[in-house]
Amino acid sequence: MAERKRPGDDAAGDRPEDEAFDDAVADDEARDDVDEPVTRGGGTAVRERTENDDKPKSKKDGRRGNRIGGFFREVVSELRKVIWPTRKELLTYTSVVIVFVTVVTTIVALLDLGFSKAVLATFGN
């Protein structure tokens with residue numbers, strides 16, 4: 001069988017496909033970008049105008065339909081991420097829930113019966 005290499009299998013961490021960079025070349029490339037202003041964000045984004053930009057947009061233009069449609073698209077995408085149980089798992093989970101609910105209901109019913117008998121015996125009827 002062919003052996004697969006995983007990250008970290010190399011002893012020295014050097015791989016033949018790794019590129020070696022010369023510091024002098026990296027400095028030359030860095031100097032080429034000196035003319036461009038460096039920004040750290042916070043500036044305003046510039047967007048090219050399209051022919052639809054001239055039309056005034058009202059708040060009701062497709063906003064409600066877009067929000068509702070977006071909601072359902074997100075619901076569908078989240079449901080695709082769900083790991084659905086198999087039929088056997090579903091039957092097992094269902095039977096466990098039914099047994100648990102039956103046991104708890106029996107305990108509560110017996111406690112209710114016992115307390116009601118105690119109250120009737122204490123205060124009489």
Side-chain angles (χ1 to χ4, degrees):
M1 287 190 146
E3 218 176 292
R4 293 180 63 183
K5 287 209 166 221
R6 297 180 304 219
D9 284 347
D10 295 339
D14 293 332
R15 291 182 215 109
E17 64 269 5
D18 286 346
E19 296 179 16
F21 291 101
D22 187 17
D23 290 336
V25 174
D27 289 340
D28 289 341
E29 290 175 1
R31 287 187 195 124
D32 290 342
D33 297 334
V34 172
D35 296 338
E36 297 177 15
V38 177
T39 60
R40 301 260 186 235
T44 58
V46 177
R47 183 174 64 95
E48 292 184 26
R49 293 180 60 85
T50 61
E51 60 189 51
N52 292 335
D53 287 343
D54 296 333
K55 295 181 190 175
K57 293 182 180 177
S58 68
K59 289 185 178 180
K60 292 185 179 180
D61 279 349
R63 242 180 136 186
R64 170 161 281 173
N66 190 18
R67 288 171 54 184
I68 293 172
F71 172 75
F72 284 112
R73 277 192 297 275
E74 288 181 25
V75 167
V76 169
S77 70
E78 289 297 323
L79 286 175
R80 287 184 180 153
K81 295 177 190 176
V82 173
I83 300 173
W84 295 99
T86 62
R87 183 174 181 84
K88 184 178 179 183
E89 290 173 337
L90 185 67
L91 292 174
T92 302
Y93 298 155
T94 303
S95 61
V96 166
V97 168
I98 289 173
V99 168
F100 181 76
V101 167
T102 304
V103 168
V104 171
T105 302
T106 304
I107 291 171
V108 170
L110 289 174
L111 286 172
D112 181 48
L113 181 67
F115 284 127
S116 65
K117 294 280 185 183
V119 167
L120 283 176
T122 304
F123 297 111
N125 190 355

**OP:** Could you state whether Leu90 and Val82 fall into the same hydrophobic cluster, counting links through intermediate Ile, Leu, Val, Met, Phe, Trp or Tyr residues with side-chain heavy atoms under 4.5 angstrom apart?
**Re:** no
Closest non-hydrogen contact found for Ile98 with Thr102 is O-OG1, 2.7 Å
Quick note, salt bridge (Lys or Arg N to Asp or Glu O under 4.0 Å) partners involving residues 74-86, not counting sequence neighbours, are Glu78-Lys81
For Val108, the other hydrophobic cluster members (4.5 Å side-chain criterion, sorted by chain and number) are Phe100, Val104
Residues joined to Val101 in its hydrophobic cluster, side chain to side chain under 4.5 Å directly or through other members, sorted by chain and number, are Val97
Is Ile107 reachable from Val96 through a run of hydrophobic residues whose side-chain heavy atoms are each under 4.5 Å from the next? no
Distance col, row Leu113:CG vs Leu110:CG, nearest 0.5 angstrom, shows 7.0 Å
